[in-house]
Amino acid sequence: MTKEYDVVVIGSGPAGYHAAIRCGQLGLRTACIEKWQSRDDKTVYGGTCLNVGCIPSKALLDTSHKYVEALHEFETHGIKVPAVSIDVPAMMGRKDEVVKQLTTGIAGLLSSNKVEAISGKGKVTTPETVLVTDHEGKEQELKAKHIIIAAGSVPIEIPPTPVDQNTIVDSTGALEFDEVPKRLGVIGAGVIGLELGSVWARLGADVVVLEAVEEFLPTVDRQIAKEAAKIFAKQGLQIKLGARVTGSKLSAGRAKKSVTVEYQDGDGEQRATFDKLIVAVGRKPYTRDLLDPSLGIELDARGFIRVDDKCATSVPSIYACGDVVRGPMLAHKGMEEGIMVAERLAGKKAQVNYDLVPSVIYTHPEIAWVGKNEEELKMAGVEYNVGAFPFAASGRALAANDSEGMVKIIADAATDRILGCHIIGPSAADLMQQVVIAMEFSASAEDLGLTMFSHPTLSEAVHEAALASLGHAIHIGNRKRRA
Ligand code: FAD
Ligand code: AMP
């Protein structure tokens, strides 16, 4: 029997479950299809983010950071701990529990918002039909007035380093090591490579990151990227820039395996041997067996489903959002798109502000930014004021013994409207979010300067950076910088 809905959503990652829940809240009869299965063959909701992305990586980052604190920093606070060691299976068990709690929570939220969760792989066969094949091969047809595709993305593999999820792993395998590798190679100094490399470096691995591009974090504000490179080097992360991996060879024999990686840098052909190798060279949209060719849904050159700024595809009844469409592959970008699509299907006006998508690298210190950086503004010929405030001058950061980094605020020289915020430092992501809100309301640096901030907080660094851009920060010398 064919079931009928107002909306069928394919995928229950951040984009899909936000779309489905909001559709349910708005009274649309909604189904959400998910193919992901746990090791014990149960359907799990939440997609990459909850299962093998944002959440498990942050669980391991948090554990490994606490380990580093116990090992090196407690003593500074006068706390004596006799011996510190890491129990990797216990760390993984905790991470798995966090994931389980959250993925189960999504199933509950779908149900309480009257979304029918359907297990299986969905394929769009006509503009109003989705064929679902469950894990036993049983098929059912769903009819919908609208279809929202939120099928997400998968890791990119490169021919020189075929992933076996044992010695050569992708980001998913890197969340599952059963012990700390002695020598760890990471290909790619992007967000995922730096976060996963940091986890294992903190736990004692000798980590080498091989990055093809000569510039470190090319999309990040140069001053912040330079500061980050210095701090990571101090932490023992060896980042080799301009090092393009060209081949690899697994060691023979059944004993503990290793992999020898060949790469090319400015000095020619190089080799390095690792016990584990993480391939973190980016992600690609996942559209395998998803769209019947007769639909004529357009993909772009990189395989993303082509959509407009309202996430409409080339077929009027079909929308797509999240990692499967253009734009940064970030959970919150997909969430906002999912909500926008749901609201528009319910007849509401909604849009996403693509100028204010915040980015974060959850290393320690964190790196977070939103809006334009100095390089982009220079290229665009925009005149701006910039104010920077170092955490070394923040009472709260010093009290916490966590005072590396700075907050930078950039404002338009003519109007004082805030154009960007760039932070490296403790809780950078949460601090930057305050500026995202300010920017959403078109605030000026003066608006931030006139706002009262609680003392002593890390947030005061945001206040002082805004004041510095106006030339009157209190806790640092003012050298007003205008460009
Ligand atoms: P996904 O989360 O990939 O979900 C897509 C879902 O669709 C999956 O569950 C999949 O099984 C299902 N699906 C696909 N095809 C079908 C089909 N045909 N039928 C049924 N179901 C289907 N982003 C951040 O913002 N912050 C972070 O800190 C962060 N950390 C990350 C760390 C790692 C290690 C990784 C890998 C990613 C991280 N990301 C982070 C990125 C983030 O996970 C993605 O941007 C986000 O999950 C994309 O959401 P999505 O809903 O578009 O797709
Ligand atoms: P991101 O897309 O931010 O996850 O980053 C992936 C990184 O991997 C990019 O900075 C790429 O330059 C890098 N990369 C891709 N292929 C290779 C390769 N063969 N060797 C080294 N680095 C690579």
Side-chain angles (χ1 to χ4, degrees), residues 9-19 32-37 43-58 60-61 103 106 118-124 130-133 149-156 158-161 170-172 174-175 185-196 199 209-219 240-248 261 263-265 278-291 320-325 327-335 337-338 357-362 429:
V9 182
I10 301 181
S12 73
Y17 83 74
H18 276 70
C32 182
I33 309 167
E34 179 54 66
K35 67 175 180 58
W36 201 299
Q37 290 212 290
T43 304
V44 276
Y45 299 92
T48 303
C49 169
L50 266 61
N51 288 287
V52 294
C54 322
I55 298 300
S57 60
K58 265 80 259 177
L60 299 187
L61 279 160
T103 53
I106 299 298
I118 297 179
S119 173
K121 185 164 166 58
K123 178 172 182 167
V124 189
V130 178
L131 182 69
V132 184
T133 309
I149 300 170
S153 61
V154 288
I156 292 177
I158 50 173
T161 52
D170 58 19
S171 59
T172 301
L175 299 167
V186 179
I187 309 179
V191 177
I192 294 176
L194 290 173
E195 289 186 3
L196 295 175
V199 166
V209 183
L210 301 168
E211 168 55 59
V213 171
E214 294 278 356
E215 201 170 24
F216 183 51
L217 295 175
T219 56
K240 292 186 191 289
L241 300 173
R244 174 170 294 279
V245 174
T246 52
S248 66
V261 170
Y263 63 94
Q264 221 153 15
D265 65 11
I278 304 174
V279 182
V281 296
R283 296 178 64 81
K284 60 180 182 192
Y286 180 73
T287 53
R288 183 144 44 104
D289 292 331
L290 178 65
L291 305 166
C321 53
D323 279 11
V324 81
V325 304
M329 287 181 156
L330 292 169
H332 43 276
K333 175 263 193 186
M335 294 173 181
E337 288 181 334
V357 180
S359 298
V360 181
I361 309 176
Y362 292 88

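Both ligands and their constituent atoms are indexed starting at 1 by order of listing.
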Review point. If you measure from atom 32 (C) of ligand 1 to every heavy atom of G327, G53, S359, which option wins on shortest distance?
Key: G53
Review point. Is there a heavy atom in K58 that sits closer than 4.0 Å to ligand 1?
Key: yes
Exercise for review: Starting from atom 5 (O) of ligand 2, find the nearest protein heavy-atom neighbour and note its residue, name and distance.
Suggested key: G190 CA, 3.6 Å
Review point. If you look at every heavy atom in R288 and K121, which pair is closest and at what distance?
Key: O-NZ, 3.0 Å
Practice item. Check each heavy atom of Y45 against ligand 1 and say whether those closer than 4.0 Å belong to the side chain, the backbone, both or neither. Key: neither
Exercise for review: Looking only at protein heavy atoms, identify the closest one to atom 18 (N) of ligand 1 and say how far it is in Å.
Suggested key: G122 O, 2.9 Å
Exercise for review: For V213, take its heavy atoms, then give the atoms of ligand 2 lying under 4.0 Å from any of them.
Suggested key: 12 (O)
Practice item. Starting from atom 39 (N) of ligand 1, find the nearest protein heavy-atom neighbour and note its residue, name and distance. Key: C54 SG, 3.7 Å
Study note, to complete from the structure: Checking I118, L290, V132 against I10 for side chain to side chain contact (heavy atoms under 4.5 Å, CB included), the one that qualifies is L290
Review point. Which of the atoms of ligand 2 are close to I158, meaning less than 4.0 Å from one of its heavy atoms?
Key: 19 (N)
Point to revise | Contact summary for P328 and V357, nearest pair of heavy atoms | key: CG-CG1, 3.9 Å
Practice item. Of the side chain and backbone of P155, name the one, both, or neither that has a heavy atom under 4.0 Å from an atom of ligand 1. Key: neither
Review point. Hey, does V52 come in under 3.5 Å of ligand 1, counting only N/O atoms on both sides?
Key: no
Practice item. For D170 and P155, work out which heavy atoms get closest and say how close. Key: OD2-CG, 3.6 Å
Review point. Given T48, T172, I33, which one has a non-hydrogen atom that is nearest to atom 1 (P) of ligand 1?
Key: T48
Practice item. Could you tell me which atoms of ligand 1, counted from 1 in the order shown, lie closer than 4.0 angstrom to a heavy atom of I10? Key: 16 (C), 17 (C), 18 (N), 19 (N), 20 (C)
Check your understanding: Heavy atoms, side chains only, cut-off 4.5 Å: are Y362 and K58 in contact?
Key -> yes
Review point. Do the side chains of Y286 and T48 get nearer than 4.5 Å, heavy atoms only?
Key: no
Practice item. For G120 and ligand 1, answer yes if some heavy atom of the residue is under 4.0 Å from a ligand atom, otherwise no. Key: yes
Check your understanding: Looking at V44 and S12, what are the two nearest heavy atoms and their distance?
Key -> O-OG, 4.4 Å
Check your understanding: Ignoring hydrogens and geometry, is there a side-chain-to-backbone donor-acceptor pair from H332 to P358 under 3.5 Å?
Key -> yes
Check your understanding: For I192, is at least one N or O under 3.5 Å away from an N or O on ligand 1?
Key -> no
Exercise for review: Check for a donor-acceptor pair, side chain of Q264 on one end and backbone N or O of R244 on the other, with a separation under 3.5 Å.
Suggested key: no
Review point. Tell me, which protein residue and heavy-atom name are nearest atom 10 (O) of ligand 2, and how many Å apart are they?
Key: E211 OE1, 2.7 Å
Point to revise | Student check: side-chain heavy atoms of S171 and R283 closer than 4.5 Å | key: yes
Exercise for review: Indicate yes or no: at least one non-hydrogen side-chain atom of T133 is less than 4.5 angstrom from one of K123.
Suggested key: no
Exercise for review: Could you find the nearest protein heavy atom to atom 22 (N) of ligand 2 and give me its residue, atom name and distance?
Suggested key: A212 N, 3.1 Å
Practice item. Could you check if a side-chain atom of V281 sits within less than 4.5 angstrom of a side-chain atom of T161, using non-hydrogen atoms only? Key: no
Review point. Which protein non-hydrogen atom lies closest to atom 8 (O) of ligand 2, naming both residue and atom, and how far is it?
Key: G188 CA, 3.3 Å
Study note, to complete from the structure: Residue, atom and distance of the protein heavy atom nearest atom 36 (C) of ligand 1 read R283 NH1, 3.4 Å
Review point. Purely on distance, is any nitrogen or oxygen of E34 under 3.5 Å from one on ligand 1?
Key: yes
Point to revise | Option of least heavy-atom distance to atom 44 (C) of ligand 1 (set: V360, L61, D323) | key: D323
Review point. If you measure every N/O of C321 against every N/O of ligand 1, is any gap under 3.5 Å?
Key: no
Study note, to complete from the structure: In this structure, atom 20 (N) of ligand 2 is nearest to the protein heavy atom V245 N, 3.0 Å
Point to revise | Those atoms of ligand 2 less than 4.0 Å from some heavy atom in I187 | key: 18 (C), 20 (N), 21 (C), 22 (N)
Review point. Could a heavy atom of G334 be found less than 4.0 Å from some atom of ligand 1?
Key: no
**Study point:** Test item: S359 and L330 side chains (from C-beta on) under 4.5 Å apart, heavy atoms
**Key:** yes
Practice item. Pull out every atom of ligand 1 sitting under 4.0 Å from any heavy atom of Y362, numbered as shown with elements. Key: 28 (O)
Review point. When you measure from the side chain of K284 to the backbone N and O of S153, does any donor-acceptor pair fall under 3.5 Å?
Key: no
Revision key, fill the gap. If you scan protein heavy atoms around atom 47 (O) of ligand 1, the nearest is C49 N, 3.2 Å
Practice item. Work out whether the distance between some heavy atom of V324 and some atom of ligand 1 is less than 4.0 Å. Key: no
Review point. Less than 4.5 Å apart, any side-chain heavy atom of P14 and any of K333?
Key: no
Review point. Considering only heavy atoms from C-beta outward, does the side chain of L291 approach that of I149 to under 4.5 Å?
Key: yes
Review point. Within the structure, does A15 bring an N/O atom to less than 3.5 angstrom of an N/O atom in ligand 1?
Key: yes
Check your understanding: What protein heavy atom is closest to atom 2 (O) of ligand 2, reported as residue, atom name and distance in Å?
Key -> G282 CA, 3.7 Å
Review point. Is ligand 1 less than 4.0 angstrom away from at least one heavy atom of M335?
Key: no
Review point. Can you tell me the protein heavy atom closest to atom 16 (N) of ligand 2 and the distance?
Key: V281 CG1, 3.6 Å
Check your understanding: Got an N/O contact under 3.5 Å between P14 and ligand 1?
Key -> yes
Review point. What part of S57, side chain, backbone, both or neither, has a heavy atom within less than 4.0 angstrom of ligand 1?
Key: side chain
Point to revise | Close-contact set for ligand 2 against A243 heavy atoms, below 4.0 Å | key: 20 (N), 21 (C)
**Study point:** Side chain, backbone, both or neither: the part of S171 lying under 4.0 Å from ligand 1 by heavy atom
**Key:** side chain
Exercise for review: List every atom of ligand 2 that sits less than 4.0 Å from any heavy atom of L210, numbering the atoms from 1 in the order shown and giving each element.
Suggested key: 21 (C), 22 (N)
